[in-house]
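See structure below.
Source: prediction; values computed, not measured.
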Amino acid sequence: MHETMKVYLTFDIEIWCNNWEELDVRFPHSFHRYVYGHSQSGDYALPKTLEILDRNALKGVFFVEPLFAGRFGIEHLAVIVDMIRAGNHDIQLHLHPEWTDEIRPLLFPGANRKRQHLSYYTLEEQCTLLAYGRNLLAAAGHDQVTAFRAGSFACNTDTYRALRQCGITLDSSLNAVHPDCGIDLRNTLDFYRPQVFEGVRILPLTIFRDGFGKPRPAQLGACSFPEMRNALESAADNGTRHFVILSHNFEMLRQGRSEPDGIVVRRFEALCAFLAAHRDKFEVSTLSPAPTIDTQLRQDYPFCPSYPYPGKASLSSTFLRHGEQLARRIFG
């Protein structure tokens, strides 16, 4: 018998304007698409995400990127915070420092050049960005940040030192299959298991084996529902204690458009219905309060024969994903 596995439905909430030219012209349309995703079928960005979660009585963890508000104003960030808070969901901090050079006044010397990843910033600069982002969220109505995820998972050693200095005690920035993640940490940290580093608790994004035996991130847009279900069930059977799933505010939209992507919508509907129907086996959790990590044993997958992957998917479920991808390419 094993403990109920904790499942974290995490969402990175971001605003993008497609390029960095004519931002003032592009922003209103981009904000409306990324926040609402309005179409003739309904609003399939944040509103649909929240609706599906609420219908299934599930709580999500929303890593909200606030730096865009340093350019365009707190009132826009407050809209996002209010929408998420209305459902009593968990709001945490997400940073895409590509916005740093757009903020006025500049936050520190050298902030006037665009640097994509947090790992490109010094320890002092990362501390400044973390504090500034947290203050933006507080000004927008949320002052209880306890967890963090780096944009593009691009953390490094200094990120954890900065989090410790800023009093943020939990991180979910590790992604073993993302090439920009933790480049200087590859020989230091276990990218698959929860652990503590520099005084910060770490919950990595879950990676499982697909039907071909290849590593696959537990991301809504990257897995068929049967793959996700197989991974969840096998991970729970293997004694896994934490399972972290990723999505975005725009993941149920067609690329570059506001129309819904029916395949991804159905995946999310099925995933939430499945988790709601099996609460005895899967405990959908938030990061407030922070989950307990066994730092003594460091064996979150003690019975898993496929280590380092906590779960695995069937060949048929992976074939289904390839079929879905083909259909998306053909039908747009």
Side-chain angles (χ1 to χ4, degrees), residues 7-16 18 30 32-56 58-65 80 83-84 87 89 94 149 152-153 175 177-178 205-208 210-211 214-233 243-277 282 284 311 313-314 316-332:
V7 178
Y8 307 90
L9 295 172
T10 71
F11 304 85
D12 292 356
I13 309 302
E14 309 163 359
I15 309 295
W16 298 108
N18 297 327
S30 294
H32 196 269
R33 176 181 182 267
Y34 278 88
V35 174
Y36 297 101
H38 181 69
S39 71
Q40 292 183 348
S41 303
D43 294 350
Y44 276 81
L46 261 180
K48 180 56 70 172
T49 300
L50 295 167
E51 174 196 324
I52 295 171
L53 289 171
D54 292 344
R55 189 191 322 142
N56 290 280
L58 301 175
K59 297 302 180 186
V61 180
F62 290 80
F63 288 97
V64 177
E65 205 297 308
I80 297 172
M83 290 174 66
I84 299 170
H89 297 283
H94 186 48
R149 175 177 286 157
S152 301
F153 296 94
N175 179 346
V177 298
H178 199 294
L205 176 66
T206 296
I207 309 297
F208 64 90
D210 71 8
K214 297 180 179 179
R216 196 76 182 168
Q219 181 172 350
L220 184 65
C223 309
S224 69
F225 166 64
E227 280 184 309
M228 193 77 79
R229 181 185 60 208
N230 288 167
L232 283 161
E233 290 177 331
F243 195 105
V244 181
I245 297 173
L246 169 67
S247 188
H248 294 81
N249 47 310
F250 51 84
E251 206 144 340
M252 289 192 290
L253 302 176
R254 293 187 182 183
Q255 188 171 3
R257 298 159 63 182
S258 291
E259 289 80 10
D261 183 329
I263 289 174
V264 181
V265 174
R266 288 190 291 274
R267 286 177 182 173
F268 189 49
E269 294 265 14
L271 173 63
C272 288
F274 172 76
L275 292 170
F282 308 109
V284 177
S314 67
S316 60
S317 68
T318 298
F319 274 131
L320 176 61
R321 187 225 317 154
H322 284 274
E324 289 176 339
Q325 291 171 336
L326 178 60
R328 292 167 80 183
R329 286 194 293 269
I330 293 174
F331 299 109

For [X] and [Y], which heavy atoms make the closest approach, and how far apart are they?
{"X": "L58", "Y": "C272", "value": "CD1-O, 3.6 Å"}
{"X": "L205", "Y": "A218", "value": "CD1-O, 4.0 Å"}
{"X": "V35", "Y": "M83", "value": "CG1-SD, 3.8 Å"}
{"X": "I263", "Y": "A327", "value": "CD1-CB, 4.3 Å"}

So [Y] and [X], do their side chains get closer than 4.5 Å, heavy atoms only?
{"X": "L232", "Y": "L271", "answer": "yes"}
{"X": "L46", "Y": "I80", "answer": "yes"}
{"X": "L275", "Y": "N56", "answer": "no"}
{"X": "R216", "Y": "I207", "answer": "no"}
{"X": "C223", "Y": "F208", "answer": "yes"}
{"X": "F62", "Y": "N249", "answer": "no"}
{"X": "D12", "Y": "V64", "answer": "no"}
{"X": "K48", "Y": "L53", "answer": "no"}

Once rounded to the nearest 0.5 Å, what's the spacing between atom [atom1] of [X] and atom [atom2] of [Y]?
{"X": "L50", "Y": "F11", "atom1": "CG", "atom2": "CZ", "value": "8.0 Å"}
{"X": "L246", "Y": "F63", "atom1": "CG", "atom2": "CZ", "value": "9.5 Å"}
{"X": "S224", "Y": "N230", "atom1": "OG", "atom2": "CG", "value": "7.5 Å"}
{"X": "N175", "Y": "S152", "atom1": "CG", "atom2": "OG", "value": "10.0 Å"}
{"X": "R267", "Y": "F225", "atom1": "CZ", "atom2": "CZ", "value": "11.5 Å"}
{"X": "R33", "Y": "S258", "atom1": "CZ", "atom2": "OG", "value": "5.5 Å"}

Handout entry: CA sep, side-chain torsions, deciding dist, call: D261, R328, salt bridge (Lys or Arg N to Asp or Glu O under 4.0 Å)
Key = CA-CA 8 Å; D261 183 329; R328 292 167 80 183; 2.9 Å; yes
With a 3.5 Å distance limit and no angle check, can you tell me whether [X] reaches the backbone of [Y] through a side-chain donor-acceptor pair?
{"X": "S317", "Y": "A313", "value": "no"}
{"X": "T206", "Y": "V244", "value": "yes"}
{"X": "T10", "Y": "I245", "value": "yes"}
{"X": "H94", "Y": "R149", "value": "yes"}
{"X": "K59", "Y": "D54", "value": "no"}

Distance-only side-chain donor-acceptor flag, [X] / [Y], under 3.5 Å:
{"X": "H322", "Y": "D210", "answer": "no"}
{"X": "Q219", "Y": "E251", "answer": "yes"}
{"X": "E227", "Y": "T318", "answer": "yes"}

Exercise for the section: Take T49 and Y44 through the side chain to side chain contact (heavy atoms under 4.5 Å, CB included) test and state the conclusion after the steps. Expected result: CA-CA 7 Å; T49 300; Y44 276 81; over 6 Å; no
Practice task
Decide if the gap between the ring center of F282 and the ring center of F274 is smaller than 6.0 angstrom.
Solution key: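 Between F274 and F282, which both carry aromatic rings, the centre distance is below 6.0 Å.
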Handout entry: Between F250 and H248, ring centroids under 6.0 Å
Key = yes
Handout entry: Derivation and outcome, side chain to side chain contact (heavy atoms under 4.5 Å, CB included), residues Y34 and E14
Key = CA-CA 7 Å; Y34 278 88; E14 309 163 359; 5.6 Å; no
Problem - Salt-bridge contact R321-E324 (side-chain N to carboxylate O under 4.0 Å) - result: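 The answer is no: the pair does not qualify as a salt bridge.
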Practice task
Could you walk me through whether L9 and V284 pass side chain to side chain contact (heavy atoms under 4.5 Å, CB included), step by step?
Solution key: CA-CA 7 Å; L9 295 172; V284 177; 4.0 Å; yes
